[in-house]
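We name chains A, B, ... by the order of the sequence lines, and we start the count at 1 in each one. Just so you know, these numbers use all the heavy atoms, side chains as well, and skip hydrogens, waters and symmetry mates.
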Amino acid sequence: MLDIKLIRENPDFVRQRLASRGAGDEKFIEEVLQLDEQRRKTLAEVEQLKAQRNKVSKEIGALMGQKKIAEAEAKKIETRDIGDRITALDKQVAEIEPKRDAILISLPNLPHESVPMGKTAEDNPLIRMHGAKPDFSFKPKTHIELCESLKLVDFARATKLSGSGFVLYTNWGAKLERALIQFLLELHSNEHGYTEVNPPFVVGPHCLEGVGQFPKFKDQYYGVVEGDKQEEMGKLYLIPTAETPVANIHREEILPEKSLPIKYCAYTPCFRGEAGAAGVGTRGMIRVHQFDKVELIKIVKPEHGYDELEKMVTNAEKVLQLLGLHYRIVLLCTGDMGFASAKTYDIEVWAPGQGGYLEVSSCSNCEDFQSRRMNMRFKVDGGENKFPHILNGSGTALARLFVALLETYQQADGSVIIPPALQPYLKTDRIHA
RNA sequence: GGAGAGGUGGCUGAGUGGCCUAAAGCGCAGGUUUGCUAAACCUGUGAUGGAGUAAUCCAUCCGAGGGUUCGAAUCCCUCCCUCUCCGCCA
């Protein structure tokens, strides 16, 4: 959520930054300002009346104490009228405020000044590359062919269970998925200093609103109910990412300054309706309704937000370095960024069978956009409460990492070599038919 | 699912219509004392919104929302949540 004071004091700056996203949100600023102005005016009036009422009520109390009943009764009549006016004005404020807040909660974050202007992914500048595309003496297969020949994934039977967009890992495929989860968690918790947590996979709507997935993108997530109790719809949702529960862990808390930075890593499955995406990459496991991911979350002081973002990208790309995969890092332009983010780096891994790069990680600094929505603050030593920056990054998404590994390490005989970093977890150096 | 208890500041916890400007304790910060550490003592210590250049002032907040009243933490109604025991269950 944007700071209403910032909008009030710097409306043109806010409009210009919103406009850079290209979604037309800047047109709502005028209405927010009007509602804000109206609210403050009404509030000033009603508060003055309340002060008056409090004063008279006190006097009545004193008179009653002295048994001056007649005088007290006279004052009661005088005050009754004030009460009616207060009720009316309170009602006005109660109507204005939700209107203002409904707009505020639907406005996306402002892109940071270091984010390049642009409209689509085409405009995202390349930040750096690592390694090189592997050479093959044969035509590399796709992960779908490899999964079928090595019996790592049973696509047909997964469809039988849950419809399209779901994956049934089998035998070495299941083991590889589990080995990757273990490898990622141990890397981030043991080497990178993140505290491992294991959150609920089902959360209430306030958590989705806290990180910015609600109310604007409500149709993209799975709601769950107990049995067929339709009246419970809207109370619980399957998490679309571990960010949803983990970033909300300290919601509505005032953290001591010395507890920052807080760093969490978590493995969870992620559930996404991917509404409107049917037909896009539905074959295979590039885009599915359920996938595994290890997520990184940081809660830091605002002055450290951008240093910590750079470090988080380093932590995520370490995964690809250890696995010996070729990747590139791009900086998302203003038009391509997510709703809550102020600055985002994407890490894309090379998948030879696809002949393209796959996004396996997205690292964002959301600044105080989410902490405002959650009302999460920290107390500085002077006593002032501030909103921390909240960062999230994939470290990394599993399904696409799985794809890149198979396609990169496939051999002419159809087997797949396991890179040394992963061997202790999978307990083999090669998967073959 | 059944029965019961309860939700008050960072925490524990008192408060049953006006002296609540929410007691007390713990914690925290500063100070005094002090070979060091510790202790003791003193002082201070909630949040949000609004007005003001500022010092400061005002309003609201005792789970949430309504109601009664000149006045509500306190009385009434609705809802939410937590805990304990029982039942079922991995």
Side-chain angles (χ1 to χ4, degrees), chain A residues 1-9 32-101 103-105 198 200-207 209-210 224-229 231-236 245 248-260 262 299 368 371-388:
Chain A
M1 185 152 61
L2 300 180
D3 183 2
I4 183 66
K5 283 184 191 140
L6 177 70
I7 298 176
R8 198 186 291 157
E9 285 158 22
V32 170
L33 286 171
Q34 274 177 23
L35 289 167
D36 179 55
E37 173 75 31
Q38 232 181 311
R39 175 182 168 274
R40 278 157 58 217
K41 206 179 137 207
T42 314
L43 213 51
E45 201 180 335
V46 73
E47 282 179 3
Q48 206 201 326
L49 287 172
K50 281 181 181 172
Q52 201 182 329
R53 181 180 68 182
N54 289 344
K55 191 164 152 265
V56 178
S57 288
K58 241 178 202 176
E59 289 167 6
I60 293 172
L63 289 170
M64 297 291 272
Q66 297 163 36
K67 305 275 183 215
K68 295 180 180 170
I69 310 293
E71 283 179 54
E73 289 299 329
K75 274 192 188 287
K76 279 191 194 180
I77 292 162
E78 171 194 329
T79 318
R80 202 164 288 152
D81 172 56
I82 297 180
D84 292 343
R85 285 160 69 195
I86 288 171
T87 307
L89 289 170
D90 267 346
K91 206 178 148 205
Q92 275 184 40
V93 174
E95 280 167 9
I96 296 165
E97 217 167 54
K99 279 189 203 166
R100 181 196 66 170
D101 293 345
I103 300 175
L104 282 178
I105 203 96
N198 189 336
F201 300 164
V202 179
V203 295
H206 56 291
C207 291
E209 185 175 298
V224 296
V225 295
E226 191 183 341
D228 60 355
K229 297 178 183 164
E231 69 276 12
E232 283 189 4
M233 186 52 85
K235 289 189 176 175
L236 288 172
N248 276 288
I249 287 174
H250 299 287
R251 74 186 340 266
E252 287 154 55
E253 288 182 29
I254 300 175
L255 300 160
E257 183 173 22
K258 60 176 180 290
S259 71
L260 303 182
I262 291 171
I299 302 167
D368 58 5
S371 50
R372 275 180 199 285
R373 289 173 160 244
M374 299 171 189
N375 201 20
M376 181 201 298
R377 290 155 293 168
F378 71 98
K379 186 177 280 297
V380 296
D381 284 342
E384 192 190 352
N385 291 331
K386 287 187 174 174
F387 292 102

Can you tell me, in whole Å, how much space there is between the [atom1] of [N] and that of [M]?
N     : M     : atom1 : answer
B:G7  : B:U43 : C1'   : 33 Å
B:G2  : B:C88 : P     : 15 Å
B:G63 : B:U16 : P     : 15 Å
B:C62 : B:G10 : C1'   : 16 Å
B:C61 : B:A22 : P     : 13 Å
B:C57 : B:G52 : C1'   : 9 Å
B:C28 : B:A51 : P     : 37 Å
B:U56 : B:G44 : P     : 15 Å

Atom pair CG (A:L35) and CG (A:D101), whose distance is rounded to the nearest 0.5 Å: 9.5 Å
Nearest-0.5 Å distance that lies between atom CG in A:L255 and atom CE in A:M376: 6.5 Å
Only counting residues at least two apart or in another chain, list the ones meeting salt bridge (Lys or Arg N to Asp or Glu O under 4.0 Å) with [X].
X      : value
A:R39  : A:E97
A:R100 : A:D36
A:E73  : A:K76

Please convert RNA chain B into dot-bracket. A pair counts if it is Watson-Crick or G-U wobble with both distances under 3.5 Å; crossing pairs go in [ ] and bases paired with another strand get |. ((((((((.[[[..)..(.....]]]((((((.......))))))((((((....)))))).[[[[[..)....]]]]])))))))....
Nucleic acid footprint by protein, nucleotides 49-64 of chain B - heavy-atom cut-off 4.0 Å, B for base, S for sugar-phosphate alone: BSS------BSS----
If you look at every strand shown and take non-hydrogen atoms under 4.0 Å, does A:T79 touch a base, only sugar-phosphate, or nothing? sugar-phosphate
Given atom [atom1] of [X] and atom [atom2] of [N], what is their separation to the nearest angstrom?
X      : N     : atom1 : atom2 : answer
A:N385 : B:G10 : CG    : C1'   : 11 Å
A:L49  : B:C70 : CG    : P     : 17 Å
A:D101 : B:U48 : CG    : P     : 16 Å
A:E71  : B:G18 : CD    : P     : 21 Å

Pairing residues for A:N54 by the side-chain hydrogen bond (donor to acceptor under 3.5 Å, both in side chains) criterion, not counting sequence neighbours: none
When you measure from the side chain of A:R372 to the backbone of A:L2, do you find a donor-acceptor pair of N or O atoms at a distance under 3.5 Å? no
Output yes when a side-chain donor or acceptor of A:N248 lies under 3.5 Å from a complementary backbone atom of A:C207, and no otherwise. yes
Ignoring backbone atoms, establish whether A:K235 has a side-chain N or O less than 4.0 Å from OP1 or OP2 of B:C80. no
Distance-minimising heavy-atom pair for A:P388 and A:S371: O-OG, 2.8 Å
Identify which nucleotide among B:U48, B:G18, B:U21 has an atom closest to any side-chain atom of A:K58, counting heavy atoms from C-beta outward. B:U21
